Amino acid sequence: DEPMLLVVDLSSRETTQIDLPAYPTDLDVSADGSFAIAMLPRKSGSSLVEIPLPIGGPNDFVETPLGEEYLGVASLAPSGDTMLLYTTVDPWALDGEVAPLGDPRQRMTLARRNGGDWSDLTTLFTEVPIRSVGMAPDSNNAILLHDAAPQLNAVAPWPYTLLDISSPFPVRKVQMVEARPESVLFTPEGDRAALSIRDEPGAVRQANIVDLHSFIVEQLELGSPPQGLGYVEATQKIFISQEHGSGAITFVSADGSVATATGFELNSEVKD
């Protein structure tokens with residue numbers, strides 16, 4: 001809750017304090033380390049601050065206004081020229097008020113670099129509040145995770161959105177699933193993604209495998225609740241580890257073929 005940032009040079013240990021017009025709620029650093037983005041949300045209209053790295057001095061930053069939107073989080077694409085700006089809180093609701101533009105969690109702003117600033121802004125809308133955003137490594141797509149929405153689908157009340165951020169007019173697809181998606185994995189090439197989906201009793205045991213070129217989603221039923229997601233570079237296989245007494249892991253190939261191995265933890269029970 002302090003209106004400042006500290007920039008530390010890890011080689012010289014020199015610290016530079018940047019005094020900001022409001023306190024930042026999120027900080028992101030570009031993949032190449034050439035700049036940082038800080039978000040300054042306000043009810044009267046938010047802004048973002050870009051800080052070049054290495055920094056030249058305490059006033060070496062550029063602030064860009066974001067209109068009347070309340071935006072407190074930035075997800076910066078690895079390419080460094082595109083961002084998704086959004087919020088996971090409604091400050092009006094926290095104060096017992098009604099937001100003048102509606103729930104800010106149901107809007108986001110796609111910001112693209114326009115020359116030296118981020119003035120190319122596009123407002124996008126969602127039916128359900130956003131709780132987190134993941135960006136694909138190739139900077140072409142994003143996956144938005146949402147709150148539960150039983151009013152949209154009572155059987156599959158948890159939505160997530162596939163969003164093409166590479167086109168001038170972003171294409172999106174809303175996918176409904178039976179339980180809350182717990183984690184998201186992107187392949188390094190950005191062509192596929194996987195989401196683990198489970199409920200607390202363990203009745204829902206699924207993974208969604210997503211083709212990020214076509215937005216086709218394959219629902220994969222698992223024998224045990226998913227526990228983690230990973231990727232094997234050498235074989236280009238996505239793997240889903242599962243909660244299982246003797247160990248279970250499912251591999252999904254690039255062509256969609258599926259293989260599951262179990263029992264590999266039995267050796268841990270062997271006693272001398």
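Keep in mind the model is a prediction, meaning the values are calculated, not measured. This chain uses plain numbering: 1 for the first residue, then up along the sequence. The analysis underlying the following values was restricted to heavy atoms, covering all of them including side chains, and did not include hydrogens, waters or symmetry mates.
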Query raised in the report: Of Ile238, Thr250, Ile197, Asn208, which is the lone residue that meets side chain to side chain contact (heavy atoms under 4.5 Å, CB included) with Leu220?
Result: Thr250
Report task. Report the C-alpha distance between Gln242 and Gln227 in whole Å, list the side-chain angles of each, state the deciding distance to 0.1 Å, and finish with yes or no for side chain to side chain donor-acceptor pair (under 3.5 Å). Result -> CA-CA 5 Å; Gln242 297 155 61; Gln227 192 173 40; over 6 Å; no
Report summary line: Taken to the nearest 0.5 Å, the spacing of Glu182 CD from Leu145 CG works out to 9.5 Å
Query raised in the report: Would you call the rings of Tyr70 and Trp92 parallel, tilted or perpendicular if under 30° counts as parallel and over 60° as perpendicular?
Result: perpendicular
Query raised in the report: Does the side chain of Pro181 reach to within under 4.5 Å of the side chain of Arg131, using non-hydrogen atoms?
Result: yes
Query raised in the report: Are Met83 and Phe35 co-members of a hydrophobic cluster defined by side-chain heavy atoms under 4.5 Å apart?
Result: yes
Query raised in the report: So how far is it from Ile240 CD1 to Gln206 CD, rounded to the nearest 0.5 Å?
Result: 11.5 Å
Query raised in the report: Which value, rounded to the nearest 0.5 Å, describes the distance between Tyr160 atom OH and Ile143 atom CD1?
Result: 7.0 Å
Requested in this report: Could you pull out all residues at least two apart from Arg107 that satisfy salt bridge (Lys or Arg N to Asp or Glu O under 4.0 Å)?
Outcome: Glu69
Query raised in the report: Cluster question for you: counting only ILVMFWY and a side-chain heavy-atom cut-off of under 4.5 Å, with indirect links fine, are Val29 and Ile18 together?
Result: yes
Query raised in the report: When rounded to the nearest 0.5 angstrom, what distance separates CG in Leu162 from CG in Leu195?
Result: 8.0 Å
Requested in this report: Answer with yes or no whether the hydrophobic clustering places Val184 together with Trp158; edges join I, L, V, M, F, W, Y residues whose side-chain heavy atoms lie under 4.5 Å apart.
Outcome: yes
Query - Spatial distance of atom CH2 (Trp118) from atom OG1 (Thr82) [nearest 0.5 Å] - result: 6.5 Å
Requested in this report: Using the rule that two of Ile, Leu, Val, Met, Phe, Trp, Tyr join whenever any of their side-chain heavy atoms come within less than 4.5 Å, decide whether Leu27 and Met4 are in one cluster.
Outcome: no
Query raised in the report: Do Phe186 and Leu212 touch side chain to side chain, with heavy atoms closer than 4.5 Å?
Result: yes
Query - Check: Glu127 and Pro159 side chains under 4.5 Å, non-hydrogen atoms - result: no
**Report entry** Audit row: Thr126, Arg105, side chain to side chain donor-acceptor pair (under 3.5 Å) steps and yes/no
**Finding:** CA-CA 8 Å; Thr126 67; Arg105 299 172 299 165; over 6 Å; no
Requested in this report: Please answer: with hydrophobic residues joined when any side-chain heavy atoms are less than 4.5 Å apart, are Val217 and Val204 in the same cluster?
Outcome: yes
Report task. State the CD1-CE distance between Ile165 and Met135, to the nearest 0.5 angstrom. Result -> 3.5 Å
Report task. Apply the side chain to side chain contact (heavy atoms under 4.5 Å, CB included) test between His213 and each candidate in Asn140, Asp191, Asp164, Asn141; give the one that qualifies. Result -> Asp191
Requested in this report: Please report the closest heavy-atom contact between Pro104 and Pro91, naming both atoms and the distance.
Outcome: CG-CD, 4.3 Å
Requested in this report: Please determine, by modelled atom types, if Asp117 and Thr64 share a side-chain donor-acceptor pair under 3.5 angstrom.
Outcome: no
